[in-house]
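What follows is a set of notes on a single structure, which appears directly below.
Chain A is the first sequence line, chain B the second, and so forth, proteins listed ahead of strands; every chain is numbered from 1.
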Protein chains: 2
Amino acid sequence: MFAEDDVSEEILEPCGMPDHEDCGLRLILDRLGEKWTVMTVAELAGGPRRYREIERSLTGVTQRMLTLTLRRLERDGFLSRTVEPTNPPSVTYALTASGQSFARMVTHLVDWSRSHKDTIRLAQQDFDRHHVG
Amino acid sequence: MFAEDDVSEEILEPCGMPDHEDCGLRLILDRLGEKWTVMTVAELAGGPRRYREIERSLTGVTQRMLTLTLRRLERDGFLSRTVEPTNPPSVTYALTASGQSFARMVTHLVDWSRSHKDTIRLAQQDFDRHHVG
DNA sequence: CCGCATCCGGGATGATACTG
DNA sequence: CAGTATCATCCCGGATGCGG
């Protein structure tokens with residue numbers, strides 16, 4: 001996938017512009033741009049997890065940001081939140097069908113990143129050499 | 001592609017965490033999260049463009065943001081910048097091979113967004129109804 | 001035409017403390 | 001355990017003006 005063959009003047013939708021609002025790409029891009037979204041989805045792709053488990057797996061996340069991230073993913077319908085009214089309480093998060101589809105799309109991104117990161121980093125180093133020294 | 005079938009506990013790389021820095025996903029996510037990246041790449045996917053042409057096609061972009069966006073894409077090796085030393089100067093931008101691959105990956109995102117935006121918007125409306133009254 | 005420099009506001013993120 | 005509340009901070013992005 002993501003072969004290096006010709007692109008043949010393929011026209012992308014300039015989503016986000018007045019004429020193309022309905023593509024909904026910004027919805028996804030904004031969510032992807034947030035710092036903890038991908039890692040959270042990645043963790044939940046391994047199966048349902050409790051709040052504390054997710055927190056431990058996301059090194060450096062604060063409770064505030066984790067809660068915000070989970071709320072937004074829940075709002076998008078990507079994950080479900082199940083509360084066990086025990087004491088102490090237990091809250092379990094799990095990907096929905098939509099969330100699993102989202103997770104699979106993220107996998108494409110990860111694959112693409114992995115196979116291009118070296119090229120990109122080299123290009124950046126070249127650029128930086130030519131534009132400072 | 002992006003079928004709704006089972007996800008079978010697929011494990012995503014939690015890129016960005018200490019143990020997984022090398023996946024390079026943040027490189028891409030940060031770039032995608034920026035406001036004008038996708039539209040710029042989309043415009044250039046239609047062929048080489050001059051600065052002024054890109055500016056006109058990106059409704060609402062400021063010169064500052066367009067220049068920043070182009071610089072960062074150039075730094076990543078996604079586009080080339082060719083200066084014609086005429087008067088007034090003429091600068092042409094074009095996708096590189098790497099940039100065309102990037103553009104194709106973006107197309108996947110666009111396709112996914114388009115086919116899920118309704119579901120997502122509905123989920124958001126449901127959530128908002130249940131969480132405000 | 002193609003930029004760069006400067007100032008500034010707002011949203012995303014982080015730190016810390018507190019609660020049922 | 002699973003959050004909420006408050007304050008501090010950083011950076012993206014917009015507005016504006018100048019320069020080659």
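- Across every non-hydrogen atom of B:Tyr93 and B:Arg71, the tightest pair is OH-NH1, 3.8 Å.
- Closest heavy-atom contact between B:Ser80 and B:Thr96: N-CG2, 3.8 Å.
- Put simply, CD on B:Glu74 is 14 Å from C1' on C:dC2, counting in whole angstrom units.
- The CG-C1' distance, from A:Leu66 to C:dA12, rounds to 16 Å in whole Å.
- Within the 4.0 angstrom heavy-atom criterion, no nucleotide atom of any strand lies near A:Glu55.
- What separates CG of B:Asp30 from C1' of C:dT13 is a distance of 13 Å, to the nearest Å.
- Across the protein-nucleic acid pair, B:Arg31 atom CZ and D:dG13 atom P stand 10 Å apart, rounded to whole Å.
- As rounded to whole Å, 16 Å separates atom C1' of D:dA2 from atom CG of A:Leu58.
- Each of B:Leu68 and A:Val61 was matched to the nucleotide of DNA chain C holding its nearest heavy atom; the match closer to the 5' end belongs to B:Leu68.
- When the side-chain nitrogen and oxygen atoms of A:Arg72 are compared with OP1 and OP2 of C:dG11, none of them lie within a distance under 4.0 Å.
- When each of A:Arg50 and B:Gln63 is assigned the nucleotide of DNA chain D with its nearest heavy atom, A:Arg50 is the one assigned upstream, toward the 5' end.
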Verdict with supporting geometry, A:Arg52 and A:Glu55, salt bridge (charged side-chain N to carboxylate O under 4.0 Å, His left out): CA-CA 5 Å; A:Arg52 202 73 172 89; A:Glu55 187 182 7; 3.1 Å; yes
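- At least one side-chain nitrogen or oxygen of B:Arg81 sits closer than 4.0 Å to the OP1 or OP2 atom of C:dG3.
- In terms of modelled atom types and a separation under 3.5 Å, the side chain of B:Arg49 and the main chain of B:Thr40 share no donor-acceptor contact.
- Looking at residues 83-90 of chain B, you'll see B:Pro89 sit with a heavy atom under 4.0 Å from some atom of DNA chain D.
- The aromatic rings of A:Trp112 and B:Phe102 sit tilted, their planes meeting at an angle between 30° and 60°.
- Proximity of B:Tyr93 to the phosphate of C:dC1: no side-chain N or O atom is located under 4.0 Å from OP1 or OP2.
- For the pair A:Arg52 and D:dA2, the criterion of a side-chain N or O lying under 4.0 Å from OP1 or OP2 is not met.
- When the side-chain nitrogen and oxygen atoms of B:Arg71 are compared with OP1 and OP2 of C:dG3, one or more of them lie within a distance under 4.0 Å.
- A:Asp118 and A:Arg121 are not joined by a salt bridge, as no carboxylate oxygen comes within less than 4.0 angstrom of a charged side-chain nitrogen.
- Of the possible donor and acceptor atoms, one in the side chain of B:Thr37 sits under 3.5 Å from a partner among the backbone N and O of B:Arg31.
- Two residues are said to be in side-chain contact when any heavy atoms from C-beta on lie closer than 4.5 Å; B:Val106 and B:Leu32 meet this criterion.
- Contact annotation: A:Tyr51 side-chain N/O to D:dT4 OP1/OP2 distance is not under 4.0 Å.
- Between the P atom of D:dG14 and the CD atom of B:Glu34 lies a distance of 12 Å, rounded to the nearest Å.
- Distance, A:Met65 CE to D:dG3 C1': 14 Å, rounded to whole Å.
- Of the two residues near DNA chain D, B:Gly33 and A:Leu70, the one whose nearest nucleotide lies more 5' is A:Leu70.
- With D:dT6, C:dT6, C:dC2 as the choices, the nucleotide that has an atom nearest any side-chain atom of B:Arg64 turns out to be C:dT6.
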